[in-house]
Trainee: 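Here it is, the structure in full.
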Amino acid sequence: MNETKIDQAVAKRRTFAIISHPDAGKTTITEQLLLFGGVVREAGTVKARKSGNYAKSDWMEIEKKRGISVTSSVMQFDYQGKRINILDTPGHEDFSEDTYRTLMAVDSAVMVIDSAKGIEPQTKKLFQICKMRGIPIFTFMNKLDRDGREPLDLVNELEEVLGIDAYPMNWPIGMGKGLQGLYDRYNQRVVLYRKDAQGNQYLPLDAEGKLSDKYPLTEDSAYQDAEGDMELLSEAGNSFDEAKILSGDLTPVFFGSALANFGVKTFLDSYLKYAPAPAAHVDQAEEKIEPDDPEFSGFIFKIQANMNPNHRDRIAFVRICSGEFDRGMDVTLHRTGKVIRLSNSTQFMADARHTVEKAVAGDIVGLYDTGNFQIGDTIYSGKHDVQFEKLPQFTPELFVHVAAKNVMKQKSFHKGIQQLVQEGAVQLYTNYNTGDYILGAVGQLQFEVFQFRMLNEYHSEVVMEPMGKKIARWIDPEQLDERMSSSRNLLVKDRMDQPLFLFENEFAERWFKGKYPKIKLTAKL
Ligand code: GDP
């Protein structure tokens, strides 16, 4: 492909993630989107995978047992001339670190909210990461077929709690059993809700944005309320502003029901109109890497081992930022300067894995990895060295001592621990004096997954002894005096041999600061 062709291909890409609190309806809406894309033919496919009946990616027994989605995958489909990449994000809060990193690889986000519950804690956290990146956020207020909160109340809460302006693109006419339809402000029509009917029925609005009174719906108090709310919003609400949508300062809000497939298509069509195609990425040398630059570049945002137990593979997920990915191409890994041939790659569809031949900026490819890659690595073709910004690290809060149960099986223990730590879900530390291993994670579930995988994938039975919550603070090696360490601030080394203290609690940290006022402690490296 030449530059123009790459440019045309990039312009078609829309790469996003769905963020939500568990149970808001992310899986259900993903499935509807896949149905529109013709990827799945039956509702229930994604759902079944989530509940564990679907054996395709059954690498995690835990996923089945707990009924939660631990892994995040990538789904690609074509719709109305666009190529859509949905990056799935694990909803469980223990896997938030994985989710945060996935959000580094998307160009926009869809926020799904349960209209009976409003903004929930996990939504808020994930929203803040998107906000920090300044990417556009589109909101879907779900479960309109159930009684929820007042729409005005939901929009107010969104603005107040998240600190973003909202522009309702449509408005519910009734709710729950009384749901009549949507007042589609953006397309100037009313969409009628028909529980059993296939397809939508539309009624046009007149020049004043109202329904003609020849329609009996105008007699309905739900319609009159919706019209009243619309008037209020037109006078006192935000105006539609595309630039503000693109900068992430205004979120278009859509109401609907993912389960009843009501309002989802309207949402998808508008989303595709306003969501951005992949843009330039700035690298660490402050240089702009344009997506149609003929040289290939990308970064690894996720590594996952053994997605398919029959193959025992490890896959590094690459977000392409420029150029064209060609199977078999040679790339340079910035961190080591090593040239690597990318001969074995895969792209993810909802139902099966396909071998990728060509992909451009915005696409995600999975590279079969034999231990070359780490999370945050940049790879590129050509002579010009590229290194993208480091991915943010999220400091672990929970710690355990870890050791091999059988001291004769140290080899598989070390191999397993090194590989799993490289995936980034758990962090490895060593006791400064004894060399004993300590693991740190954002949540308890990650330790359980680690223990399970060590046994199943590396045949290594591990014993873990909880250390509880700690506050990790790095210290400048120049300033370090080992005598500063005590039982309340354990001295350890991270994987890069950097020293840090694990403080028992905030009190211990304050006490330390009082005693050693000149020592600089940092939360993250
Ligand atoms: P996730 O945890 O965010 O992926 O949520 P799911 O998609 O699994 O949905 C959680 C529950 O809410 C499931 O029982 C869904 O059937 C239900 N649900 C999802 N969307 C809707 C909706 O629009 N209306 C109703 N009534 N239920 C819904």
Side-chain angles (χ1 to χ4, degrees), residues 16-36 39-40 42-54 57 60 62-75 86-96 98-99 102-103 109-127 130 137-149 151 154 170-182 191 193-197 200 253-268 350 445:
F16 69 95
I18 302 182
I19 59 172
S20 63
H21 193 86
D23 274 344
K26 188 183 67 174
T27 311
T28 312
I29 198 165
T30 303
E31 191 154 284
Q32 297 294 0
L33 299 179
L34 295 178
L35 278 168
F36 290 132
V39 183
V40 292
E42 271 172 75
T45 319
V46 180
K47 181 105 246 155
R49 183 173 71 180
K50 183 177 161 184
S51 63
N53 300 327
Y54 184 74
S57 67
M60 285 293 298
I62 289 191
E63 186 166 333
K64 292 182 192 169
K65 278 189 206 142
R66 301 258 185 142
I68 56 164
S69 174
V70 174
T71 59
S72 61
S73 53
V74 183
M75 289 157 272
I86 307 182
L87 275 58
D88 191 16
T89 50
H92 196 283
E93 102 180 278
D94 283 359
F95 283 85
S96 41
D98 230 17
T99 301
T102 297
L103 294 177
V110 170
M111 179 163 69
V112 177
I113 294 170
D114 182 334
S115 57
K117 295 191 175 144
I119 308 292
E120 295 178 88
Q122 194 70 353
T123 327
K124 196 172 160 185
K125 267 200 213 163
L126 297 171
F127 170 85
C130 297
I137 300 160
F138 296 76
T139 304
F140 190 82
M141 295 283 185
N142 193 26
K143 308 199 183 181
L144 211 54
D145 57 311
R146 279 210 197 141
D147 284 327
R149 285 166 44 185
L154 287 165
N170 55 31
W171 204 253
I173 302 172
M175 233 184 219
K177 285 203 171 65
L179 178 63
Q180 306 283 336
L182 281 170
V191 192
Y193 178 59
R194 291 274 175 275
K195 237 193 237 162
D196 329 306
N200 289 319
V253 179
F254 300 82
F255 287 84
S257 162
L259 193 64
N261 192 10
F262 183 62
V264 182
K265 188 170 184 303
T266 308
F267 162 73
L268 180 61
L445 185 58

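Counting starts at 1 for both ligands and their atoms, following the listed order.
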Trainee: Would you please name every residue forming a ring-ring contact (aromatic ring centres under 6.0 Å, His included) with F127, sequence neighbours left out?
Mentor: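 So F127 forms no ring-ring contact (aromatic ring centres under 6.0 Å, His included) with any residue.
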Trainee: Knowing that exactly one of L34, T30, L35 qualifies, which makes a side chain to side chain contact (heavy atoms under 4.5 Å, CB included) with Q32?
Mentor: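 With Q32 as partner, L34, T30, L35 yield a single side chain to side chain contact (heavy atoms under 4.5 Å, CB included), made by L35.
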Trainee: Measuring from atom 3 (O) of ligand 1, which candidate in K143, M141, Q122, K26 has the nearest non-hydrogen atom?
Mentor: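 Nearest heavy atom to atom 3 (O) of ligand 1 lies in K26.
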Trainee: Can you find an N/O atom of G25 closer than 3.5 Å to an N/O atom of ligand 1?
Mentor: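 Yes, at least one N or O pair falls under 3.5 Å.
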Trainee: Does an N or O from G256, backbone or side chain, lie closer than 3.5 Å to an N or O of ligand 1?
Mentor: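 In this structure, G256 places no N or O atom under 3.5 Å from an N or O of ligand 1.
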Trainee: From atom 9 (O) of ligand 1, work out which of T28, D145, T27 has a heavy atom at the shortest distance.
Mentor: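 Going through T28, D145, T27 one by one, T28 has the nearest heavy atom to atom 9 (O) of ligand 1.
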Trainee: Tell me the closest heavy-atom pair linking F140 and S257, and the distance in Å.
Mentor: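 Scanning both residues completely, I find the closest heavy atoms to be CZ-N, 3.9 Å.
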Trainee: At a 4.0 Å threshold, what atoms of ligand 1 neighbour a non-hydrogen atom of S257?
Mentor: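 Listed by number with element, the hits are 22 (C), 23 (O), 24 (N).
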Trainee: Do any N/O atoms on A258 end up under 3.5 angstrom from N/O atoms on ligand 1?
Mentor: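 So ligand 1 has an N or O lying under 3.5 Å from an N or O of A258.
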Trainee: Shortest non-hydrogen contact from Y193 to L179?
Mentor: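 It is CD2-O, 3.4 Å.
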Trainee: I need the atoms of ligand 1 closer than 4.0 Å to a non-hydrogen atom of P22, numbered in the order shown.
Mentor: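 Those qualifying, in numeric order: 2 (O).
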Trainee: Looking only at non-hydrogen atoms, find the nearest pair between V253 and M141 and report the distance.
Mentor: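 Between these two residues, the closest heavy atoms are CG1-CG, 3.8 Å.
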Trainee: Please report the closest heavy-atom contact between M175 and D147, naming both atoms and the distance.
Mentor: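 Looking at all heavy atoms of both residues, the shortest contact is O-OD1, 3.6 Å.
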Trainee: Under 4.0 Å from a heavy atom of D23: which atoms of ligand 1 are those, numbered in the order shown and with their elements?
Mentor: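 Checking each atom against D23, I get 1 (P), 2 (O), 3 (O), 5 (O), 10 (C), 12 (O).
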Trainee: Where does N142 meet ligand 1, judged by heavy-atom distances below 4.0 Å: at the side chain, the backbone, both, or neither?
Mentor: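 Answer for N142: side chain.
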Trainee: Provide the full list of salt bridge (Lys or Arg N to Asp or Glu O under 4.0 Å) pairs with a residue in residues 256-268, sequence neighbours left out, each pair given once.
Mentor: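 Of all non-adjacent pairs touching residues 256-268, those that pass salt bridge (Lys or Arg N to Asp or Glu O under 4.0 Å) are K265-D269.
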Trainee: Take every heavy atom of A260, measure it against each atom of ligand 1, and state whether any distance is under 4.0 Å.
Mentor: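 For ligand 1, residue contact (heavy atoms, under 4.0 Å) with A260 is absent.
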